[in-house]
Number of protein chains: 2
Amino acid sequence: MRNPTLHDVARAAGVSYSTADRVLNERGGVAAKSIQRVQRAIQDLGYRRDIHAANLSRRRSYRFAVFLPRGDHGFFSALGRALLAQAEARAADRVSVTLCDPGQRDAGDWDCVALVGAESEGLAQVIADLADRGIPAITLVSDIAGPRRSYVGIDNAVAGRTAGRLVRLAHGRGAGRVLPVLGSLSLRDHRERLDGAAEILEASRLTLLPPVEVHDHPDRMRDALATALRADDGITAIYSIGAGNRGLIALMETLGEARPFVVLHELTPHSRAALERDLIDVVIDQKPSEEAARALDAMRAIADGEEPPVAVITPAIFFKENLPGVSA
Amino acid sequence: MRNPTLHDVARAAGVSYSTADRVLNERGGVAAKSIQRVQRAIQDLGYRRDIHAANLSRRRSYRFAVFLPRGDHGFFSALGRALLAQAEARAADRVSVTLCDPGQRDAGDWDCVALVGAESEGLAQVIADLADRGIPAITLVSDIAGPRRSYVGIDNAVAGRTAGRLVRLAHGRGAGRVLPVLGSLSLRDHRERLDGAAEILEASRLTLLPPVEVHDHPDRMRDALATALRADDGITAIYSIGAGNRGLIALMETLGEARPFVVLHELTPHSRAALERDLIDVVIDQKPSEEAARALDAMRAIADGEEPPVAVITPAIFFKENLPGVSA
DNA sequence: CGGAAAAAGAAATACGTCAATCATTTTCTT
DNA sequence: AAGAAAATGATTGACGTATTTCTTTTTCCG
């Protein structure tokens, strides 16, 4: 009943433990036919290396680095916190996470690193650098062009379509004008969300207005929105694609009952409070803690030489009515 | 830098390894003052037992049992599959899961068991029985009254409120009549969902009709719905709380464009296809695979003598537009 | 066939914990 | 103070794998 050990494999293959070990760990210096016999035995017995015993023996720990954009970019700081919390929770599994600054030259000896995919910056350089050093990498939040890598994050186009669907739902069969607000059109994720929303709104009686860029800044958000609403009193919905929602919320507070329907991203204490106070209608959340958990799962699998599980995170939709309790 | 071992603890406490071990594993026969010194050292050094080394040494495996209602009750069979899949994925962590029939007398030697909370059946008996044998238990899907246990599942009241919110959203400021369909009013989760939905609809211009009981049966579902729709042509929305949705979907197919707004539970191949074909509007999903994962997390923590993490699962909301890819 | 190289085997130590045994020391009883 | 009991210490061999060193056997080549 017990799982077979490498000793069992060796016995079944009719070779010594040493040889089985040499094959398993690809140490070389083994005749082709021995390799085959061992692999055959591994197959037959369904042998799987006991990864915990192996880790114990080689005193291995999982040293992961995550490069997050610096600054208090709401979602990224939440993700950073979630990653550290997850690492703490997995201390028993020998997982450690270090948050790094993407600007800085890195010379760490990592088992795997995670990067936030963004086209700007010298990211391609960093990746090439890592590849040179034989360090595997995954991307977070937003995938990146280039050699295929494992990706953990939400599908931004799906998020945008979800927003579009919610806006449509809120309008019933009626008409309306939807104002998209985003950080910048040069940000890939923002563009993807916008395109996703546009795709859904196209087929309806709703008009998607040209997007306003507010560079994720609350004050600009507030001013730009106030201006836009003054200029066009037919706006029935706002889709806030990026950050800076404190400004949006503050503005909604001044409008009272007559405010447009509002969809925004990321569940934060602010957006949560705004939902509860009926200042906004829907929050689409990327679930940083789930993303952190899946990212570590993927990195561990890669470090163990396994195939990382596919992990596309379905964004959560929160209304006032289904806010999670204290836990999340 | 390395984590302290029990040897380090013993040295720091000025006792032998044996004594430290006796304290750690509560083997008894240790003087009070030695106990204190060891515990002090554990504190000071921040010692944490290497659970993997421990498991290796005692050849431990996690033997879990899950009692699921028999029959092809859509969600439960999905949950069962998810549990087995999760167990397979955690084989490296020595996790094994056995699905059991709640009717049968059980004499297994489990490290932890999970039960579906339902008031009926001799469940209280089973739980008492387990307690006698010193086997810890958690509840799934629907919590149960009685001594506090760890619970993993969605909050059905929240799910119901979510459905209510979606129905309201779909009606804008307009009026409408909402028909709830459920398996039986005697099922706690169904009642909870209904109450949740009622709570949200109350404050609106929508009327919540008396619920129809269809006993989770597709044919009854279809007939009952057809009858109801014929009798009341003012029905603008249907909230299907339980199972048997194949019947609902088949009926919608015959109605064409004029069909009411439909919210139902559980993402299955059927409901998924119906979403894609615009036969229904929203699916609220309990995420069986996530529930399985969290359940195993909780069971493992309990078996390791740790505090199980709180895990209330926020139901996912699916439209046609945000259906997950192949993976989920 | 002889010698070198390649392949295979044997053995030991370690990782951190568990569990058991036996010897020794300390503490308690009366 | 003697003897019993309690507490402590010392030691050992697992668990399944990694890793190294050393020896022995096999294979290959000229």
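Below, read A as the first sequence line, B as the second, and so on, with proteins coming before strands; counting in each chain starts at 1.
- Ion pairing between a basic and an acidic side chain is recognised when a charged N comes within 4.0 Å of a carboxylate O; B:R294 and A:E290 show no such pairing.
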Open item on the list: Show, in sequence, the C-alpha distance, side-chain angles and deciding distance for B:R94 and A:D50, and conclude whether the salt bridge (Lys or Arg N to Asp or Glu O under 4.0 Å) test is met.
Closed with: CA-CA 9 Å; B:R94 303 178 154 78; A:D50 181 330; 2.9 Å; yes
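- Judged by closest nucleotide on DNA chain D, B:V30 is the one of B:V30 and A:S57 placed further toward the 5' end.
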Open item on the list: Using the rule given for salt bridge (Lys or Arg N to Asp or Glu O under 4.0 Å), can you reason through B:R48 versus B:E306, listing the C-alpha separation, both sets of side-chain angles and the distance that settles it, and then say yes or no?
Closed with: CA-CA 12 Å; B:R48 299 163 77 164; B:E306 294 166 14; over 6 Å; no
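- Axis orientation changes by 30° from one end of the helix from C:dC1-D:dG30 to C:dT30-D:dA1 to the other, with each end axis drawn from 5 pairs and the value rounded to 10°.
- Nucleic acid contact for B:H7: base, since at least one base atom lies under 4.0 Å from a heavy atom of the residue.
- Residue-to-nucleotide contacts include a donor-acceptor pair under 3.5 Å from the side chain of B:R22 to the base of D:dG9.
- One can place CZ of B:R11 at 19 Å from P of D:dT8, the figure rounded to the nearest angstrom.
- The two residues B:L45 and B:P4 make their nearest non-hydrogen contact at O-CG, 3.5 Å.
- Note: CG (A:D304) to P (D:dT17) measures 14 Å, nearest angstrom.
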TODO: Dump the intermediate steps for side-chain contact (heavy atoms from CB on, under 4.5 Å) on B:D8 and B:Y47, then the final yes or no.
DONE: CA-CA 9 Å; B:D8 298 328; B:Y47 169 78; over 6 Å; no
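- Of all heavy-atom pairs spanning B:C112 and B:I302, the tightest one is SG-CG2, 4.3 Å.
- Between the side chains of B:Q86 and B:R90, at least one donor N or O lies within less than 3.5 Å of an accepting N or O.
- When heavy atoms are screened at a 4.0 angstrom cut-off, B:S18 is found touching base atoms of the nucleic acid.
- For D:dG9, one of the phosphate oxygens OP1 or OP2 lies less than 4.0 angstrom from a side-chain nitrogen or oxygen of B:T19.
- B:R49 comes within contact range of the sugar-phosphate backbone alone, with a heavy-atom separation under 4.0 Å but no base atom that close.
- Listed candidates were D:dT11, D:dT8, D:dC15. Nearest to the side chain of B:A31 is D:dT8.
- Looking only at atom types and distance, the side chain of A:H52 has a donor-acceptor partner in the side chain of B:D93 under 3.5 Å away.
- Here D:dA18 presents its C1' atom at 12 Å from CZ of A:R60, a figure rounded to the nearest Å.
- Note on A:R27: a side-chain N or O is less than 4.0 Å away from OP1 or OP2 of D:dT19.
- Comment: B:R300 does not engage B:D297 in a salt bridge, judged by the lack of any side-chain N to carboxylate O separation of less than 4.0 angstrom.
- Contacts of A:N25 with the nucleic acid, taken as non-hydrogen atoms under 4.0 Å apart, involve only primed sugar atoms and P, OP1 or OP2.
- Both A:R58 and B:Y17 sit near DNA chain C, but only A:R58 has its closest nucleotide nearer the 5' end.
- Chain B approaches DNA chain C over the interval C:dG16 to C:dA19, counting the first and last nucleotide 5' to 3' with an atom under 4.0 Å from its heavy atoms.
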